Amino acid sequence: MPDQVEFDHRFRGFEKIAHGGYVSGVLAQFVGGEAQVRLRRPIPMGRPLQVHEVDTRAVELRDTKGDLVAEAKATDLELEMPTAVTTEEAEASSDTYPGHEAHLFPGCFCCGPGRASGDGLRIFPGQVMGSHYAAALWVPNAVDANDQGVVAAEIVWASFDCPQIWALILNTPADAEERVVTGALETKLLGPVIAGERYVIVSWPIGREGRRLFAGAAIFASDGKPLGLSRQTLVTTESGVPLGLNAFRGAAR
């Protein structure tokens, strides 16, 4: 009998779709935690989905009709770690977050400014002055941690998702009309993230191959110790997150 998962409305990205980073983190736990997760379709919330074991290193997530919506396989991510950004630099970058002025998805679990502390993650990436990096200061809430204060792995996965998209947005011309959706997320956690402590999330664009764009992210403790890294594959589509900031600015008018 397959395992069953159901995503609560709290963990939304778009208003009616589960947050891709959170979904990926949940699925990763079925294959040991370090994984690549491919999102095949928008993930619905509030309904049971079936997790089918393909083998000891891979699972599939299917809806009630049996259609494949996501899949995860164990991997060993290799990605060059960026230079750490200080908490002061990250806080200054977060102050410049474009979503503070206008956001197309204010209810997003990770980067939505419309979510209260303890509800959303409130991770607000802004450009690091003089670089192509984006950075955000993150203080995880105890509601997402166990009795020892360790933040759940799927929450840390979720923390990587939006910063990588914002790294692309901040390094794309403001009038660009392309839109993207998350196609895959691959993450490796290197140490525990503790609720109430200050962390820095750094993200950056990696490159492009046709319709696929790539970005990276890493999380650092306040002393500069790396605690995880991630690589995201995004696919251009007719709908999704705009890469041009003008689309966000238009939302404020």
Side-chain angles (χ1 to χ4, degrees), residues 1-33 35-54 58-74 99 103-116 118-123 141 143-144 151-166 178-187 211-213 215 230-243 247 251:
M1 190 74 178
D3 287 291
Q4 194 174 87
V5 296
E6 184 174 321
F7 297 104
D8 185 83
H9 189 250
R10 180 192 174 207
F11 304 110
R12 64 191 181 275
F14 299 163
E15 185 56 33
K16 297 182 179 180
I17 299 173
H19 187 265
Y22 180 80
V23 170
S24 298
V26 170
L27 279 186
Q29 306 317 303
F30 287 93
V31 293
Q36 181 189 70
V37 180
R38 294 186 179 276
L39 303 175
R40 299 300 188 183
R41 296 187 178 190
I43 310 297
M45 295 175 291
R47 69 179 73 167
L49 302 170
Q50 306 297 319
V51 181
H52 296 262
E53 183 177 306
V54 177
V59 296
E60 296 177 341
L61 184 65
R62 294 184 177 271
D63 63 18
T64 53
K65 296 180 180 179
D67 293 331
L68 179 67
V69 295
E71 54 192 334
K73 65 177 181 179
H103 203 300
L104 291 173
F105 316 103
C108 175
F109 176 62
C110 178
C111 71
R115 303 293 291 269
D119 179 25
L121 301 185
R122 296 183 59 81
I123 295 173
N141 195 283
V143 72
D144 293 315
V151 175
E154 57 267 29
I155 298 296
V156 183
W157 273 70
S159 77
F160 284 128
D161 189 350
C162 297
Q164 294 181 84
I165 299 174
W166 278 104
E178 283 188 312
R179 292 174 175 258
V180 295
V181 295
T182 300
L185 196 65
E186 187 175 0
T187 293
R211 292 180 56 233
R212 297 188 301 163
L213 293 86
S230 179
R231 178 171 57 207
Q232 187 172 23
T233 302
L234 299 109
V235 182
T236 58
T237 61
E238 292 184 359
S239 60
V241 180
L243 288 181

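Being a predicted model, the structure only gives us computed values, none of them experimental. Computed over heavy atoms, backbone and side chain alike; hydrogens, waters and symmetry mates excluded.
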**Report entry** Test side chain to side chain contact (heavy atoms under 4.5 Å, CB included) applied to I17 and F7, step by step
**Finding:** CA-CA 9 Å; I17 299 173; F7 297 104; over 6 Å; no

**Report entry** Side chain proximity check, C162 to V241, heavy atoms < 4.5 angstrom
**Finding:** no

Query raised in the report: With side chains defined as the heavy atoms from C-beta onward, is the minimum distance between V59 and D3 less than 4.5 Å?
Result: no

Query raised in the report: Are more than 12 heavy atoms from other residues, nucleotides or ligands located less than 6.0 Å from atom CZ of R38?
Result: no

**Report entry** Counterpart residues, side-chain hydrogen bond (donor to acceptor under 3.5 Å, both in side chains), relative to T187 (two or more places apart)
**Finding:** S230

Report summary line: Taking every heavy atom of A70 against every heavy atom of L39, the minimum-distance pair comes out as CB-CD2, 4.0 Å

Query raised in the report: Looking only at heavy atoms, which two atoms of T64 and P48 are closest? And how far apart?
Result: CG2-O, 3.7 Å

Report task. Hey, could you give me the CZ/CD1 distance between F109 and I123, rounded to the nearest 0.5 Å? Result -> 8.5 Å

Query raised in the report: Nearest heavy-atom pair of W166 and G99: which atoms, and what distance?
Result: CH2-N, 4.3 Å

Query raised in the report: Taking atom SG of C110 and atom CD1 of I165, what is their separation to the nearest 0.5 Å?
Result: 8.5 Å

Report task. List the atom of V23, the atom of A18, and the distance in Å for their closest heavy-atom pair. Result -> CG2-CB, 3.6 Å

Requested in this report: Check W157 against G21 and note the closest heavy-atom contact, atom names and distance.
Outcome: CB-O, 3.5 Å

Query raised in the report: Side chain of Q164, backbone of Q232: donor and acceptor closer than 3.5 Å?
Result: yes

Query raised in the report: Does the side chain to side chain contact (heavy atoms under 4.5 Å, CB included) test come out yes or no for L243 and L234, once each step is laid out?
Result: CA-CA 11 Å; L243 288 181; L234 299 109; over 6 Å; no

**Report entry** Reported OG-to-CD distance for the pair S24 and E186, which is rounded to 0.5 angstrom
**Finding:** 11.0 Å

Query raised in the report: Which heavy atom of E71 sits nearest a heavy atom of L27, and at what distance?
Result: N-CD1, 4.4 Å

Report task. Using a 4.5 Å cut-off on heavy atoms from C-beta on, say whether the side chain of C111 contacts that of P163. Result -> no

Query - side chain to side chain contact (heavy atoms under 4.5 Å, CB included) between R12 and H19, worked out - result: CA-CA 5 Å; R12 64 191 181 275; H19 187 265; 6.0 Å; no

Report task. Spell out, as yes or no, whether a donor-acceptor pair under 3.5 Å connects the side chain of R62 to the backbone of D67. Result -> no

Report task. Indicate yes or no: does R10 engage D144 in a salt bridge with an N to O separation below 4.0 Å. Result -> yes

Query - Side chain R122, main chain R115, donor-acceptor under 3.5 Å - result: yes

Query raised in the report: So, does R179 use its side chain to make a donor-acceptor pair with the main chain of G240 at under 3.5 Å?
Result: yes

Report task. Evaluate the ring planes of F11 and Y22, with Trp represented by its six-membered ring, and classify them as parallel (under 30°), tilted (30 to 60°) or perpendicular (over 60°). Result -> parallel

Report summary line: Distance col, row E60:CD vs E53:CD, nearest 0.5 angstrom, shows 11.0 Å

